[in-house]
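Throughout, numbering of the chain's residues begins at 1 and tracks the sequence.
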Amino acid sequence: MASNKVNILLFLLLIILSIESSLSYERPPPRKSLFLSLSQDLDSSSPQQVHISMVGEDKTRISWITEDSGTPATVKYGTSPGSYPFSANGDTTKYKYILYKSGEIHNVVIGPLKPNTIYYYILGPFTSPEFNFKTPPAGYPIKFAVVGDLGQTDWTTSTLDHISKSNYDVMLLPGDLSYADTLQPLWDSFGRLVEPLSSQRPWMVTQGNHEVEKIPILHSQSFTSYNARWLMPFEQSGSTSNLYYSFKVSGLHIIMLGSYTDFGPGSAQYNWLKNDLNKIDRKKTPWLIVIVHAPWYNSNTAHQGEYESYGMKSSMEDLLFKARVDIVFAGHVHAYERFTRVYKDQANNCGPIYITIGDGGNREGLATKYQDPKPDISIFREASFGHGELDVENGQN
């Protein structure tokens with residue numbers, strides 16, 4: 001049970017640019033938005049917007065875009081620079097959004113791969129620079145970077161710079177990636193902005209409200225861009241939707257939920273979650289983490305009374321409590337807040353710790369106003385841009 005876990009190093013959550021003990025902290029204002037065009041060093045056939053994600057425990061999906069059609073969805077890779085004895089082929093797709101036409105989106109799964117190993121790779125048409133990435137360790141310790149509502153501003157670049165220095169193994173992103181908000185070239189800009197990091201470590205993401213991009217009459221389909229560009233390993237966990245899935249890594253079972261797709265009792269997501277929780281073997285994966293976008297617990301004045309928060313909590317909180325989830329991370333609110341272990345709005349040693357971390361650098365700025373008085377279950381809250389680091393040292397119960 002979560003209440004019996006004595007590992008005091010369950011996590012070290014550091015909010016960069018925020019110090020809990022600071023009494024004179026001046027909250028920073030928003031910074032200017034960014035747009036990254038295609039580098040002059042690249043041409044229309046060059047791979048761009050490269051990012052990787054985990055597929056099972058020993059495979060990796062490499063995703064990238066080329067502007068030209070007909071470029072091969074092929075990856076050559078190996079464990080030494082300049083030597084690529086292995087290769088794999090994948091699929092190519094593209095999408096339309098009103099008048100916008102995407103480039104060629106390539107997805108290739110490579111592996112099996114060794115844990116905690118650096119792989120070097122080149123992408124079709126093989127005129128690009130060499131990339132490299134490191135696979136996660138097979139066991140403890142493991143470090144996660146956690147950041148929500150990342151966006152594309154000068155604050156985003158500051159956050160990414162801090163993350164790049166953290167020596168993390170896996171990125172967890174609880175929604176609101178590009179803040180494109182139907183302006184599709186901003187998706188391309190975001191892919192270029194994060195590529196230096198997302199090409200080197202697995203980025204495991206879920207969607208937020210800014211990924212919906214549904215426009216009545218003009219574009220009736222939700223999540224078109226997100227699903228096309230950020231393919232996650234949903235099928236491997238028995239999910240039928242890219243909007244919710246789970247994966248295992250280094251002694252953790254991590255569940256990524258969808259706040260903006262059906263979640264009520266009897267829905268496909270609800271039934272999938274029940275089945276996924278029932279399959280978990282806590283002897284193999286002692287730690288159980290859940291990621292959502294809209295927070296179930298929130299004492300900030302922002303985003304109060306939203307159905308995606310209270311409705312999902314009402315539907316699924318019992319499932320998470322019975323499964324003894326350790327931590328629930330959320331975004332959406334542009335600030336940081338950490339709750340004690342909670343169940344049904346009361347402190348409960350068997351409930352999860354709830355953490356809101358939606359302060360990656362979005363263009364909308366920080367949510368600086370909190371409810372007064374502070375609820376007893378809220379341990380710390382601060383509006384500041386940054387990211388979190390989750391260090392899991394062992395699986396001791």
Worksheet item: Considering only heavy atoms from C-beta outward, does the side chain of Trp155 approach that of Thr157 to under 4.5 Å?
Response: no
Worksheet item: What distance separates Asp326 CG from Leu320 CG, expressed to the nearest 0.5 Å?
Response: 10.5 Å
Fill in: Distance-only side-chain donor-acceptor flag, Glu213 / Trp187, under 3.5 Å
yes
Worksheet item: Any side-chain heavy atom of Arg381 within less than 4.5 Å of one from Ser299?
Response: yes
Worksheet item: More than 12 heavy atoms of other residues, nucleotides or ligands under 6.0 Å from CG of Asn275: is that the case?
Response: yes
Worksheet item: Asn362 and His210: side-chain donor and acceptor closer than 3.5 Å?
Response: no
Worksheet item: Any side-chain donor-acceptor pair under 3.5 Å between Tyr354 and Glu337?
Response: no
Discussion item. List the residues meeting salt bridge (Lys or Arg N to Asp or Glu O under 4.0 Å) with Lys76, not counting sequence neighbours, and say none if there are none.
Written reply: none
Fill in: Heavy-atom pair with the smallest gap, counting every atom of Ala383 and Tyr370
N-OH, 3.7 Å
Discussion item. Do the side chains of Lys114 and Asp58 get close enough for a salt bridge, i.e. N-O under 4.0 angstrom?
Written reply: no
Discussion item. Nearest 0.5 Å, please: how far is OG in Ser198 from CG in Leu173?
Written reply: 10.5 Å
Discussion item. Looking only at side-chain N and O atoms, does His106 offer a donor or acceptor that is under 3.5 Å from a partner on Thr71?
Written reply: yes
Worksheet item: Side-chain heavy atoms under 4.5 angstrom apart, residues restricted to Ile, Leu, Val, Met, Phe, Trp, Tyr: same cluster for Phe247 and Val55?
Response: no
Worksheet item: Side chain of Asp149, backbone of His332: donor and acceptor closer than 3.5 Å?
Response: yes
Item to complete: Please collect all salt bridge (Lys or Arg N to Asp or Glu O under 4.0 Å) contacts where either partner lies in residues 169-195, sequence neighbours excluded, each pair once.
Response: Lys134-Asp169, Asp181-Arg363, Asp188-Arg229
Worksheet item: Any donor and acceptor pair, going by atom type alone, linking the side chain of Gln346 with main-chain N or O of Val342 inside 3.5 Å?
Response: no
Worksheet item: Within a reach of under 6.0 Å around NZ of Lys369, are more than 12 heavy atoms found that belong to other residues, nucleotides or ligands?
Response: no
Practice prompt. Compute whether any side-chain donor of one residue and acceptor of the other, for Gln371 and Thr301, lie under 3.5 angstrom apart.
Written response: no
Fill in: Check: His387 side chain, Val146 main-chain N or O, donor-acceptor pair, under 3.5 Å
no
Worksheet item: With distance as the sole criterion, is a donor-acceptor pair present between the side chains of His303 and Glu308 under 3.5 Å?
Response: no
Donor-acceptor contacts, no H, no angles, side chain residues 230-238, under 3.5 Å, sequence neighbours left out:
residue : atom : partner : partner atom : Å
Ser237  : OG   : Phe234  : O            : 3.0
Ser237  : OG   : Ser246  : N            : 3.2

Worksheet item: Are His51 and Ser199 close enough that a side-chain donor and a side-chain acceptor fall under 3.5 Å?
Response: no
Item to complete: Determine whether Phe144 and Val249 make a side-chain contact, defined as any pair of heavy atoms from C-beta on separated by less than 4.5 Å.
Response: yes
Discussion item. Set out, in order, the CA-CA distance, both residues' side-chain angles and the distance that settles side chain to side chain contact (heavy atoms under 4.5 Å, CB included) for Glu104 and Ile65, then state yes or no.
Written reply: CA-CA 5 Å; Glu104 302 276 302; Ile65 292 179; 5.8 Å; no
Worksheet item: Is Asp318 paired with Lys322 through a side-chain N to carboxylate O contact shorter than 4.0 Å?
Response: no
Worksheet item: Between the side chains of Asp68 and Thr66, is a donor N or O closer than 3.5 angstrom to an acceptor N or O?
Response: no
Worksheet item: In terms of ring plane angle, is the pair Tyr297 and Phe339 parallel, tilted or perpendicular, where the classes change at 30° and 60°?
Response: tilted
Discussion item. Has Ser220 got a side-chain atom pairing as donor or acceptor with Ile217's backbone, closer than 3.5 angstrom?
Written reply: no
Practice prompt. State yes or no: are the ring centers of Phe263 and Tyr270 separated by less than 6.0 Å?
Written response: no
Fill in: Close aromatic pair by centroid cut-off 6.0 Å: Tyr121 and Phe133
yes
Discussion item. Looking at Asp161, I'd like to know if its CG atom is crowded, meaning that more than 12 non-hydrogen atoms belonging to other residues, nucleotides or ligands lie closer than 6.0 Å.
Written reply: yes
